[in-house]
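Worksheet: the structure to be examined is printed underneath.
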Protein chains: 2
Amino acid sequence: MKTDPHSHTHHYTAEELRALFSRKGLRTTRQREIVLCELTRCNSHPTAEELLAAVREIDPDISQATIYNTLEAFVGCGIARRISSTLAGGACRYDADMGEHVHLVLEDGRVMDVPMDLSKQILDAVPESVLQELSQRVGFELSGIKIELLGH
Amino acid sequence: MKTDPHSHTHHYTAEELRALFSRKGLRTTRQREIVLCELTRCNSHPTAEELLAAVREIDPDISQATIYNTLEAFVGCGIARRISSTLAGGACRYDADMGEHVHLVLEDGRVMDVPMDLSKQILDAVPESVLQELSQRVGFELSGIKIELLGH
DNA sequence: TTTGATGCAAAGACTTTGCATGCTT
DNA sequence: AAGCATGCAAAGTCTTTGCATCAAA
């Protein structure tokens, strides 16, 4: 898998990780440090299974349950995002890049990041006024927007 | 699954169904007629399981495998769409309303349609030029856009 | 010390598959 | 008649759970 020259993945220091987890109300554990590091390091969008494999190259004793628990915790507190699994046979994919961006989902299940400049143009184009209108009309608070372009 | 008396969804005649399937290269079967009718009738966004239940109220002998086969076929030829299952514990949901529209996905897994006027405003706001630029840059043809607003 | 996190294995949920039979074209 | 579609049940894949143990706060 190739490196995307437009992606700029942040590398956390141990200190930053500790601060981040603490701020989110999560305990700092060796497993979580490794999971988040690997999730940001491989700037693909791994499935739980792929992430487990990556993580086990660093610590072979980390369990599958921990991967799922951890990803759930990360998603729950906004450290990571779950990406589409709407293509047949799909496992969920995960993303730790919290800069809002658009995903390009290929028919075979691969997921790529849309380069930041284009992502911004797309996201900024969505009229704030429409979102407010919608929020009022349906009575739900909007907490995010997810845009996927489908490609082949 | 409940019937929504206020639904504006189109109701297919037997003729229309036959024509639609034929045009898409699918054979017309009793099962497919029922599945598509139910999928359009209940304007919620059922999971395969929910749809199976609805369909079985009409014909109790329709099998689970047929539901999955049929939905796969419908999605493959553009008769139906698969909607996000990115929330934990999620089964895929399906939608037969082919007018492009935006979905509002709640944290508990429920999916609602964003009203057509607002959906249009959001979708129309995405700059065509950016999509073309992206298509060129990544070398994939874009075949669709999926926008989900997250709410709670 | 207290409480949340981990690891293990089993269970659960969701989807796909193989194959014999039936139905559409 | 030919070939796709169906039904059944089993298998497969992905995810969650119960519980004893361990570690962070």
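Quick note on labels: first sequence line is chain A, next is B, and so on, each numbered from 1. Atom set for the values below is all heavy atoms of this structure, side chains included, hydrogens, waters and symmetry mates excluded.
B:Asp61 places its CG atom 11 Å from the C1' atom of D:dT6, with the value rounded to the nearest Å. Rounded to a whole Å, the CZ atom of B:Phe74 is 14 Å from the C1' atom of D:dT6. In this structure, B:Leu71 atom CG and D:dT6 atom P are separated by 11 Å, rounded to whole Å. Atom CG in A:Asn69 sits roughly 11 Å away from atom C1' in C:dG4 (whole-Å rounding). Remark: C1' of C:dT6 and CD of A:Glu72 are 16 Å apart, rounded to the nearest angstrom. In this structure, B:Ile67 atom CD1 and C:dT15 atom P are separated by 12 Å, rounded to whole Å. If you measure from atom CZ of B:Arg93 to atom P of C:dT15, you get 11 Å, rounded to the nearest angstrom. The interatomic distance linking B:Tyr68 (OH) with D:dA10 (C1') rounds to 15 Å, in whole Å.
Note that the CD1 atom of A:Ile83 and the SG atom of A:Cys92 stand 9.5 Å from one another [nearest 0.5 Å].
Closest approach of A:Pro127 and B:Ala125 over heavy atoms only: CD-CB, 3.9 Å.
At distances below 3.5 Å, at least one donor-acceptor pair connects side-chain atoms of B:Arg56 with backbone N or O atoms of B:Ile62.
Residues from residues 22-34 of chain B with heavy atoms under 4.0 angstrom of DNA chain D, sorted by number: B:Arg27, B:Thr29, B:Gln31, B:Arg32. Contacts between residues 49-57 of chain A and DNA chain C, defined by a heavy-atom separation under 4.0 Å, are absent.
A salt bridge links B:Glu50 with B:Arg93: the closest approach of a Lys/Arg side-chain nitrogen to an acidic carboxylate oxygen falls below 4.0 angstrom. With respect to B:Arg82 and B:Glu72, a salt bridge is recorded, a charged nitrogen being found less than 4.0 Å from a carboxylate O. Looking at A:Arg30 and A:Asp61, no side-chain N of the basic residue comes within less than 4.0 Å of a carboxylate O on the acidic one, giving no salt bridge.
Here the side chains of A:Thr29 and A:Glu33 are not in contact, with every heavy-atom distance at 4.5 Å or above. You'll find the side chain of A:Val35 stays beyond 4.5 Å of the side chain of A:Arg32, heavy atoms only. Looking at heavy atoms from C-beta onward, B:Leu39 lies in side-chain contact with B:Pro46 at the 4.5 angstrom threshold.
Here D:dT15 is the nucleotide among C:dT16, D:dT6, D:dT15 with the atom lying nearest to any side-chain atom of A:Gln64.
A side chain to side chain contact (heavy atoms under 4.5 Å, CB included) with B:Leu149 is found for exactly one of B:Ile122, B:Leu106, B:Leu118, B:Val105, namely B:Ile122.
Ring pair B:Phe21/B:Phe74 is parallel by interplanar angle, where below 30° counts as parallel and above 60° as perpendicular.
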Using nucleotides 20-22 of chain D, report all nitrogen or oxygen pairs with the protein that are shorter than 3.5 Å.
none

